[in-house]
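Data first, discussion second: the structure below is written as structure tokens.
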Amino acid sequence: MLRKIYLYGDPVLETDCDPVTDEAFGTPELIQLVEDMFETMDDSQGVGLAAPQIGETKRLFVVDVSAGEDRSQRRVLINPEIVDTSGEQFGEEGCLSIPGFREKVRRPFRVTAKARDVEGNEHELEGDNLLARAILHENDHLNGVLFLQHLSALKRSLIQRKIQKLRKKGEWD
Ligand code: NI
């Protein structure tokens, strides 16, 4: 099922999310939630979507660096932990909760993450370049952090003012 994507300004995006409980793994509810997240992400041609973006304050996210072109690129990370990062990249980043705005963000080039899958099995995932960027961006969401927080205060307030204007015109909902 296609889910509503919450936009910047909604408090759900600034929530420190709760871990998925042991009892939830393998349940139809969790499997459905993950399916909904892929469907919603693909519909917007995104490369990542975190649960709080659809109003679920749980520690899980999906990524697909092919933006829906190649199903083998689908990854789901539940209760993820970033175990290692290295290198650096500086590139454009956007967010489905902040549509229309893209800015350059500095991130590590490579990341190693540990996470569970829908059945609860623990796995380790390594990624570099865009995959690393997507994993780190989505992991931030689980801590209530948006990419705007990685920008300079000046750039951030400029974007916030533009969004404020869109909101007043009723174009931010
Ligand atoms: Ni995002």
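One-based numbering along the sequence shown.
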Exercise: identify the closest heavy-atom pair between A67 and V47 = CB-CG1, 4.1 Å
Determine whether L33 and L60 make a side-chain contact, defined as any pair of heavy atoms from C-beta on separated by less than 4.5 Å.
-> yes
Looking at residues at least two apart in the chain, or sitting in another chain, which of them share a side chain to side chain donor-acceptor pair (under 3.5 Å) with N143?
-> R59
So do I159 and L151 actually touch side chain to side chain, heavy atoms under 4.5 Å?
-> yes
Indicate if L125 and F61 have the same hydrophobic cluster label, given that clusters are the connected sets of ILVMFWY residues with side-chain heavy-atom separations under 4.5 angstrom.
-> yes
Cut-off 3.5 Å, side chains only: do Q164 and R161 have a donor facing an acceptor?
-> no
Compare all side-chain heavy atoms of L7 with those of I98 and state whether any distance is below 4.5 angstrom.
-> no
For residues 132-153, pull every pair meeting salt bridge (charged side-chain N to carboxylate O under 4.0 Å, His left out), keeping only residues two or more places apart or in separate chains.
-> E93-R133, R107-D140
What's the spacing between T40 OG1 and K4 NZ if we round to 0.5 Å?
-> 12.5 Å
Hphob cluster co-occupancy, V83 + V111, side-chain heavy atoms under 4.5 angstrom = no
Going hydrophobic residue to hydrophobic residue with side-chain gaps under 4.5 angstrom, can you get from V76 over to I54?
-> yes
Compare all side-chain heavy atoms of L131 with those of I135 and state whether any distance is below 4.5 angstrom.
-> yes
Would you mind checking if R75 and D117 are paired as a salt bridge, meaning a charged N to carboxylate O distance below 4.0 Å?
-> no
Should the pair R102-E92 be classified as a salt bridge under the 4.0 Å nitrogen-to-oxygen rule?
-> yes
Which residues satisfy the side-chain contact (heavy atoms from CB on, under 4.5 Å) test with E171, sequence neighbours excluded?
-> L166, K169
Distance col, row S66:OG vs Q45:CD, nearest 0.5 angstrom, shows 11.0 Å
For the student: nearest non-hydrogen atoms of P80 and N139, plus distance | CG-OD1, 3.5 Å
Would you indicate whether D173, at its atom CG, is surrounded by more than 12 heavy atoms from other residues, nucleotides or ligands within a distance under 6.0 Å?
-> no
Can you list every ring-ring contact (aromatic ring centres under 6.0 Å, His included) pair that touches residues 117-171, not counting sequence neighbours?
-> H137-H141
How far does CD1 of I82 sit from NZ of K114, to the nearest 0.5 angstrom?
-> 11.5 Å
If every non-hydrogen atom of P108 is compared with every non-hydrogen atom of A132, which pair is closest and at what distance?
-> O-CB, 4.2 Å
So do V20 and F25 actually touch side chain to side chain, heavy atoms under 4.5 Å?
-> yes
Would you indicate whether the side-chain heavy atoms of W172 and Y8 approach each other to under 4.5 Å?
-> yes
Is a side-chain N or O of Q149 found less than 3.5 angstrom from the main chain of L146, in a donor-acceptor match?
-> yes
Are L142 and V145 linked, directly or through other ILVMFWY residues, by side chains that come within less than 4.5 angstrom of each other?
-> no
Does the side chain of F109 reach to within under 4.5 Å of the side chain of Q89, using non-hydrogen atoms?
-> yes
Residues forming a side-chain contact (heavy atoms from CB on, under 4.5 Å) with S44, sequence neighbours excluded | I5, L96
When hydrophobic residues are tied together by side-chain contacts of less than 4.5 Å, even through go-betweens, does I78 share a cluster with M41?
-> yes
Any pair with a residue in residues 32-54 that passes salt bridge (charged side-chain N to carboxylate O under 4.0 Å, His left out), sequence neighbours left out, goes on the list, sorted by first then second residue, please.
-> R3-D36, D42-R74
Do V63 and L49 pass the side-chain contact (heavy atoms from CB on, under 4.5 Å) test, and can you show the C-alpha distance, the side-chain angles, and the key distance before you say yes or no?
-> CA-CA 6 Å; V63 291; L49 186 74; over 6 Å; no
Interatomic distance, CG@N79 vs CG@D22, rounded to 0.5 Å, equals 8.5 Å
Any P52 side-chain heavy atom under 4.5 Å of T15 side chain = no
Could you check K58 against C17 for side-chain contact (heavy atoms from CB on, under 4.5 Å), going step by step and ending with a plain yes or no?
-> CA-CA 5 Å; K58 297 186 174 115; C17 297; 5.6 Å; no
Please walk me through it: do L13 and Q53 pass side-chain contact (heavy atoms from CB on, under 4.5 Å)?
-> CA-CA 6 Å; L13 296 172; Q53 294 183 274; 4.0 Å; yes
